[in-house]
Visitor: 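Below are the structure tokens for one structure; questions will follow.
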Amino acid sequence: MAHAVEKHPVTGLPANPEKATLDGKNKYVAFWFFLGGETVLFASLFGTYVGLLNSGAPEELRSYNIFEMGLVFFMTMLLLTSSLTSVLAMMNMKANNPGRMKFWLIVTLVLGAGFLAAEIYEFIHYYHIGHTFTSSAFGSAFYTLVGFHGAHVTFGLFWIGTLLIRNWNRPIDVYNAPKFYVSSLYWHFIDVVWVFIFSIVYLLGMVS
Amino acid sequence: MEKRPMNESHKQLELEVKAESKREYQLQLISFAMMILLTFLAFGAVYAELMPVWAAGGFLIILAIIQVFLQLYMFMHMNNRGNTWIVGMMWLGIFVAVITVAALRLLIW
Amino acid sequence: MMMFALLLSGCGVEGLSALRPMGEGAEIQLRIILISLAIMLFVLVIVTVIHVYVLMKFRRKDDSIPKQVEGSSTLELIWTVVPIILLIILAVPTITTTVELAKAKEAKKEEEINVTANLYWWEFEYPNAGVVTGQELVIPTGKRVGINLTSKDVIHSFWVPALSGKTDTNPGLDNEMWLHANEPGTFYGKCAELCGPSHALMDFKVIALDQADYDQWLEDMKAKQDEDAERLTANNENLTVGEAVYVESCLSCHGGGKVAPSLTNYGDREWLAGYLENNEEELKQWIRDPQSLKQGALMPGFTEGQISDEELDALVDFLYDQKID
Amino acid sequence: MDWITTVDHKKIGILYLFSGIFFLLLGGIEALLIRWQLVRPMNDFVSGETFNQLITMHGTTMIFLAAMPMLFGFMNAVVPLQIGARDVAFPFINSLGFWLFFFGGVMLNLSWFFGAAPNAGWTAYAPLSTQPEATGVDFYALGLQISGFGSLMAGINFLVTILNMRAPGMKLMRMPLFTWTTFVASALIVFAFPPLTVGLFMLMFERLFGAVYFNPAMGGNVIIWEHLFWIFGHPEVYILILPAFGIFSEIIPTFARKRLFGYTTMVFATMLIGFLGFMVWVHHMFTVGLGPVANSIFAVATMAIAVPTGVKIFNWLFTLWGGQIKFNVAMLYSVAFIPSFLVGGMTGVMLSVAPADYQYHDSYFVVAHFHYVIVGGVVYGLFAGLYYWFPLMFGKALSEKLGYWQFWLFFIGFHLTFFPQHFLGLFGMPRRVFTYLPNQGFETMNLLSTIGAFFMGVSTIILLVAVVKAFMSKQVVKPDHWEDGRTLEWTLPVPTPEYNFAQTPLVKGLDTFWLEKMAGNKRVSVSEPVTDIHMPNNSLIPFFMSLGLFIAGLGAIFQKDNMIIGWSLIAFGLLMTFVSMFLRSWIDDHGYYIPKSQVEADLKAIREKGEQ
Ligand code: HEA
Ligand code: HEA
Ligand code: CUA
Ligand SMILES: [Cu+2]
């Protein structure tokens, strides 16, 4: 429904362009609800992982013997920073600075891609030492949880990438702002999940 | 109150907007700094083997929870006006998530 | 008509029905079933009376518009509080009974039996006496017997309705419960968790004996089992035909009683394969083609090439000779 | 073609409804085959293996492909109208949700044609469900996964629709109860389906790609599946019953001509049931061996649900009290629901007594319980809703005369089928048995039960006849067909224009139409002048998105036998889905406008007919 939306005199956009229209508001609310569901989805994965931690794995392939702190720390920093750059992009979107928004989104993408590359490297490494999807219940649970997260990252990269390309030459308006905003929520959520992954899977795995 | 001419009020507004966005910017940077700090704490604690195993679990999880709330409330602005239902649904989700993990931790053997 | 049918079948078959408890566990459970039933009937009567009254009294008679009532806090309070009270009355015995039924550890100090479920048969091991048997669980009367439960393959569930409710047997995990029978007798057991095509046929029996008879039984079993183990071996040259066939074809699985049911006391058993009448004809069909009687059974069938008809006769004779008394 | 591309909630509602009825017939035929096999001891009508496939498909079909979709059908057809909206929040997603469900259902039933249907029960406990030879379970895992995505989308869509799309004045506490129950059930969907999704993924990975979560030999644990399934499974039963409660809460006030008694408590009771529903799943696992502490806690938590449910029962009774009750078929089902569901609820509370459940569990007592609540609650609700809203959805009414026959046959058949099953369970008959021995006391009750099932079969055929008859008739019904309508959907002309409301109504209170009628107004107030109306475009993309997943799912199953075909199907299907998604994101879709002149012309035509 086309409301006459009040535009901010400075930015030329409504104060919250992502939910200025009914469509935008719908998307915004719906996406949050979706994230509520995703919370439970990842909880189920975490639960499974916790239930199967180290189960069926030989000593040398247990969590405390295979995880490496350096790489995980590096990945964490990449993803955390990408969360910040995503915030910066959204701030610039609201301020109607398409150029800077695009810049920060690209940085976000690059950081995300770096994360993904590191994860792939990590998985290949595990594969070589024998910790695989089918090697033990622990392996299955580990790859399912971390892999689901990785798949989310991948999807996020494609999504934000598509949005960027599609809107490269278009101004920010109440039609595409919700799309950007929602994708950024998604990206933050990926980071939220990662916080638990590095804490519970990796760090706790290293001490247990 | 006296009415200011149009362009002056516009300038005023512009300044306000700038100030506002600067505040927001700083706020986000502070949140980010805190997240980094929490992350360092977590990794540091494990790296330096500061804690007995039983305490580490609780500690790490608490740090993670704080950090996640920073994400939700600062980065994602979950608490914005008009988000009552969103907050409600997220909390319900968190509730279900917690009992799910607890069950899979405690109710299997 | 339905009432009549109900009367006819009474409360189910003795030795099977949960409504005719024969042991402490089932008695405890029936008691709490009746408590809950009483509460339910109370509620049912109240609701039904109101409902019938309303339906009779307030049929549409004219085109008038009834008074639009918003609600009534008093009434609503009543039908919130009364159920809460009823449920508290129910919750207390629920908790105490749950705790009582969980006292397997204590029971195990007295007597301990390991139950292992397998695809469509039951293995019963008496760890203290070193005896293994199958399909028929023998227990002493008058005391709680501690039971450990597990499974070799999928999930099954151990249920002897007349003695006690069920406990699942989970592969890779151990469970425990206790079983108690008041008097000597035979009770029917069922597998209560879907486990495959022959889930329905995975019945077993529980035979309760006086303590003295029970001790005697254990002793005899042990003696027979040891004797069999010594005699029924491939290097023994004095075997009868039936024994030789058994040793050649059956022993590798049925020998220890762990891969397939022990046959040490097969001749004493009332049932074949847990549910069939134990007669020669059925036994022969079973040996020739077990899947025809129990779809999905893991025992291979034996053709005439493997066991000739004469050998089969001898084998059957041998099996019916496998008795301990 | 229009039916494939439509994004109109009314049409999607009809699609859901008829697909649901179709699957209800399938599930019903399976039920009749089950009952026929059990008509006498040691019957050999079907083998144990086939029987297991029948019960699995019966349970799965009924729950996921019949009951839920039919409810979604009513939600789609009615909720936007009840809140004065022009459509749901996401018409595109709505269509996508339907097609995902549809293809998921087709996939599940395809299993019959590929050698074997799933055979591990609708609960698919591992490791029975992970046995390599149980290939039907592949279809179960993927089919439910796909249709599950559809349910999740539908759930989110309803939540947002109800929150954001209400007409002016339609405050939350003025929403009709069906809308409320839809809202709560949708919230349950959002939180309950993810555990199922995870469980199904794990099942699929284990069956098709070598994972070992449930394999004890590799460190796996079989209890994990049970938890995940029931964390989903219990809320699922409330996802089914709450909308049914909503339907009764519409019908009872309408035909009693009385405002719903205790509206506010009804709303809060609904929320409370939904909330508590997440804390009780272990009552399905009392015999698993979780220990007395867990069993006690969950037993008491389960009992607690009786309280808000009881509040509802009494509120309905007191809505009837002092009313002017008209007994048509919709109302017959509603008043028959109360005692029938009550019995199911009572046995539910009996089951929640953990130590007693050691006896009941996995016996026919449980089968009796859940058919009492599901058939006596959900199915009665669906039938009631069908008679009640049929005129609104199709512009024709179902024959009341056939309806009486249908009702009475069903009512008698239902009790005859399921009441004896309580005794069967207590007499020691386990469920999911393809046969039973003679002389164990099971013969009479099973015979009665089978007879009853065929009563229900005949009744269902009569229902079909009534539907066909209605469609063939030339009857045209008026708006407010029942003349006692209280809520906004009854203010609309039939057939309802695609934009629903020419002018968005202005809601003045609970049962706003009734209020206006009582105030002597023929029409409800409106909140806007006639203007251009924005409408969403139809789209083929949802169909192809779902088709892609369907193809990829089949590929995942075939990949076990034939790597090349399987993986190319996976690649092709996923590509189709992702390209569709990409297109959706790439092509701007701003919808279109129905010009004001058109709306005015419609309005005039309707008013000239003197109908509104
Ligand atoms: C629509 C579906 C539906 C509904 C509404 C319910 C409602 C309830 N169910 Fe049921 N249930 C199922 C569908 C449903 N169930 C299914 C499908 C299964 C089997 C799954 C499978 O294994 O395949 C099952 C199984 C099941 C079990 C597991 C049994 C077992 O496998 O061993 C239990 C145990 O506690 C249970 C309990 C309850 C309870 C307490 C309620 C309560 O919500 C009922 C509340 C209602 C009332 C109590 C009546 C009204 C109340 C009053 C008038 C107030 C006064 C009352 C009192 C004080 C008692 N159910
Ligand atoms: C919404 C859910 C739902 C519904 C409506 C029903 C409806 C019925 N169910 Fe069942 N049922 C379940 C959900 C449901 N069920 C579940 C979840 C299970 C557990 C499965 C498991 O163990 O895994 C189960 C299990 C189950 C069993 C136990 C099987 C076992 O444990 O061995 C039985 C046995 O009597 C049964 C019977 C029936 C009957 C007679 C009906 C009747 O009400 C059906 C009435 C409908 C009809 C009779 C339709 C008739 C159709 C026609 C006449 C066709 C005409 C055809 C054309 C014109 C094309 N069901
Ligand atoms: Cu073993 Cu059922
Ligand atoms: Cu339940």
Side-chain angles (χ1 to χ4, degrees), chain C residues 5 8-9 12-13 16-19 29 32-33 36 40 44 47-48 50-51 54-55 58-60 65-71 76 79-80 83-84 87 90-91 94-95 97-99 101-102 154-155 157 161 165-168 170-172 175 190 192-200 275 295, chain D residues 47-49 52 121 125 127-128 216 222-223 257-259 261-262 265 287-289 292 295-296 299-300 303 306-307 310-311 313-314 317-318 320-326 335 338-339 342 346 349-350 353-356 358-359 361-363 426-428 430 432-435 437 440-441 444 448:
Chain C
L8 261 188
S9 49
V13 167
L16 173 60
S17 170
L19 298 178
Q29 283 157 344
I32 196 156
I33 288 175
S36 64
M40 297 312 136
L44 192 70
V47 174
T48 311
I50 301 179
H51 196 40
V54 166
L55 293 186
F58 300 109
R59 304 172 155 270
R60 190 170 292 187
I65 302 295
K67 189 158 156 268
Q68 304 291 307
V69 190
E70 236 179 81
E76 294 186 55
W79 61 64
T80 311
I84 291 181
L87 290 174
L90 185 56
T94 298
I95 296 172
T97 317
T98 308
V99 172
L101 289 171
V154 302
I155 304 175
S157 193
K166 56 193 77 64
T167 306
D168 291 359
N170 303 305
N175 254 340
K190 305 248 169 202
E193 182 65 60
L194 180 63
C195 50
S198 286
H199 158 62
Y275 80 102
Q295 196 182 7
Chain D
S47 71
E49 173 61 23
N52 289 351
Y125 278 14
L128 183 63
V222 297
I223 309 298
R257 276 200 181 156
K258 228 176 124 248
R259 193 193 139 105
F261 193 92
T265 26
T287 65
V288 167
N295 281 1
S296 301
V300 175
M303 290 175 193
V307 177
V311 168
I313 297 265
F314 286 107
L317 287 178
F318 279 77
L320 294 170
W321 191 292
Q324 284 271 8
I325 307 172
K326 179 171 162 188
V335 299
I338 291 179
L342 185 70
M346 314 266 85
V349 177
M350 291 172 73
V353 176
Y358 300 163
Q359 286 287 15
H361 177 69
D362 266 343
S363 79
L426 292 169
F427 292 173
R432 296 168 166 177
V433 289
F434 77 96
T435 194
L437 296 176
Q440 295 203 332
T444 323
L448 287 177

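These figures come from a predicted structure and were not determined experimentally. Residue numbering restarts at 1 for every chain, and letters A, B, ... go by the order of the sequence lines.
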Visitor: To the closest 0.5 Å, what do you measure between CD1 (C:Ile84) and CE (D:Met303)?
Guide: 13.5 Å
Visitor: Relative to chain C, which segment of D:Tyr125 carries a heavy atom at a distance below 4.5 Å: side chain, backbone, both, or neither?
Guide: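 Only the side chain of D:Tyr125 comes within 4.5 Å of chain C.
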Visitor: Please check this pair: side chain of D:Lys258 against backbone of C:Pro66, looking for a donor-acceptor N/O pair closer than 3.5 Å.
Guide: no
Visitor: Between C:Ala18 and chain D, which part of the residue has a heavy atom less than 4.5 Å away: side chain, backbone, both or neither?
Guide: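 For C:Ala18, backbone and side chain are both near chain D.
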Visitor: Working note: C:Val54 + D:Ile325, criterion side chain to side chain contact (heavy atoms under 4.5 Å, CB included); need CA distance, chi angles, decisive distance, verdict.
Guide: CA-CA 9 Å; C:Val54 166; D:Ile325 307 172; 4.1 Å; yes
Visitor: Would a 4.5 Å heavy-atom cut-off, applied to side chains only, mark D:Val349 and C:Ser36 as touching?
Guide: no
Visitor: Rounded to the nearest 0.5 Å, how far apart are CG of C:Asn170 and OG1 of D:Thr287?
Guide: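 C:Asn170 CG to D:Thr287 OG1: 8.5 Å, rounded to 0.5 Å.
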Visitor: Quick check for you: among D:Val300, D:Val307, D:Thr435, D:Asn295, which has the greatest number of heavy-atom pairs under 4.5 Å with chain C?
Guide: D:Val307
Visitor: So for C:Leu194, is it side chain, backbone, both, or neither that comes closer than 4.5 Å to the heavy atoms of chain D?
Guide: both
Visitor: D:Leu437 versus chain C, heavy atoms under 4.5 Å apart: side chain, backbone, both or neither?
Guide: side chain
Visitor: Examine distances only and state if a side-chain atom of D:Gln359 and a backbone atom of C:Pro161 form a donor-acceptor pair shorter than 3.5 Å.
Guide: yes
Visitor: Where on D:Val311 is there a heavy atom nearer than 4.5 Å to chain C: the side chain, the backbone, both, or neither?
Guide: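 Backbone plus side chain of D:Val311, per the 4.5 Å heavy-atom cut-off to chain C.
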Visitor: Could you give the distance from CD1 (D:Ile313) to CD1 (C:Ile50), rounded to the nearest 0.5 Å?
Guide: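 The distance works out to 11.0 Å.
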Visitor: What are the two closest heavy atoms between D:Leu128 and C:Cys195, and how far apart are they?
Guide: CD1-O, 3.4 Å
Visitor: About how many Å separate CG of D:Leu320 and CG of C:Leu55, when rounded to the nearest 0.5 Å?
Guide: 6.5 Å
Visitor: Does D:Arg257 offer a backbone N or O that forms a donor-acceptor pair with the side chain of C:Gln68 under 3.5 Å?
Guide: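 Pair found, side chain donor or acceptor close to backbone of D:Arg257.
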Visitor: If you tally heavy-atom pairs under 4.5 Å against chain D, which of C:Glu76, C:His51, C:Gln29, C:Lys67 wins?
Guide: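 Of the candidates given, the most pairs with chain D belong to C:His51.
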Visitor: If you measure from OG on D:Ser363 to NZ on C:Lys190, what distance do you get to the nearest 0.5 Å?
Guide: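 Going from the OG atom of D:Ser363 to the NZ atom of C:Lys190 covers 12.0 Å.
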Visitor: Looking at C:Ile32 and D:Ala356, what are the two nearest heavy atoms and their distance?
Guide: CG2-CB, 3.9 Å
Visitor: Looking at side-chain heavy atoms only, is the closest gap between C:Val47 and D:Leu317 below 4.5 Å?
Guide: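 They are in contact (side-chain heavy atoms under 4.5 Å apart), so the answer is yes.
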Visitor: Apply side chain to side chain contact (heavy atoms under 4.5 Å, CB included) to residues D:Tyr358 and C:Thr98 and explain how you reach the verdict.
Guide: CA-CA 10 Å; D:Tyr358 300 163; C:Thr98 308; 3.9 Å; yes
Visitor: Roughly how far, to the nearest 0.5 Å, is the CZ atom of D:Arg432 from the CD atom of C:Glu193?
Guide: 6.5 Å
Visitor: Would you say the side chain of D:Phe318 lies within less than 4.5 Å of the side chain of C:Val69, judging by non-hydrogen atoms?
Guide: no
Visitor: Looking only at heavy atoms and a cut-off of under 4.5 Å, which of C:Leu16, C:Thr97, C:Leu90, C:Ile95 has the most pairs with chain D?
Guide: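 Greatest number of close heavy-atom pairs with chain D: C:Leu16.
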Visitor: Taking side chain as everything from C-beta outward and backbone as N, CA, C, O, which of these in D:Ala299 sits under 4.5 Å from a heavy atom of chain C? Side chain, backbone, both or neither.
Guide: side chain
Visitor: So which of C:Pro197, C:Ala200, C:Pro171, C:Pro83 has the biggest tally of heavy-atom pairs under 4.5 Å with chain D?
Guide: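 Ranked by contacts with chain D, first place is C:Pro197.
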Visitor: Could you label the plane-to-plane angle of the C:Trp79 and D:Phe261 rings as parallel, tilted or perpendicular, counting under 30° as parallel and over 60° as perpendicular?
Guide: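 Because their plane-to-plane angle lies in the 30° to 60° range, the rings of C:Trp79 and D:Phe261 count as tilted.
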Visitor: Output the option from C:Ala192, C:Ala91, C:Ala102 having the highest count of non-hydrogen pairs under 4.5 Å with chain D.
Guide: C:Ala192
Visitor: Taking the side chain as every heavy atom from C-beta outward, state whether C:Thr94 and D:Ser296 have any atom pair closer than 4.5 Å.
Guide: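 The answer is no; the side chains never approach within 4.5 Å.
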Visitor: Under 3.5 Å, is there a donor on one side chain and an acceptor on the other for D:Glu49 and C:Gln295?
Guide: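 The criterion, which ignores hydrogens and geometry beyond distance, is not satisfied for C:Gln295 and D:Glu49.
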Visitor: Do you know which of C:Ile33, C:Thr80, C:Leu101, C:Thr48 has the most heavy-atom pairs with chain D at a distance under 4.5 angstrom?
Guide: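 If we count pairs closer than 4.5 Å to chain D, C:Ile33 comes out on top.
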Visitor: Between D:Gly323, D:Gly289, D:Ser47, D:Gly310, who has the most heavy-atom pairs with chain C when the cutoff is under 4.5 Å?
Guide: D:Gly323
Visitor: For D:Pro216, is it the side chain, the backbone, both or neither that has a heavy atom under 4.5 Å from a heavy atom of chain C?
Guide: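 Side chain of D:Pro216 only, per the 4.5 Å heavy-atom cut-off to chain C.
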Visitor: So which part of C:Glu70 gets closer than 4.5 Å to some heavy atom of chain D, the side chain, the backbone, both or neither?
Guide: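 Its backbone and side chain both get close to chain D.
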Visitor: Answer yes or no: is there a donor N or O on one side and an acceptor on the other, between the side chain of C:Asn175 and the main chain of D:Val288, under 3.5 Å?
Guide: yes
Visitor: May I ask you to test the C:Leu44-D:Leu342 pair for a side-chain heavy-atom distance under 4.5 Å?
Guide: yes
Visitor: With respect to chain D, which residue among C:Ser198, C:Ser157, C:Gly196 yields the maximal number of heavy-atom pairs within a distance under 4.5 Å?
Guide: C:Gly196
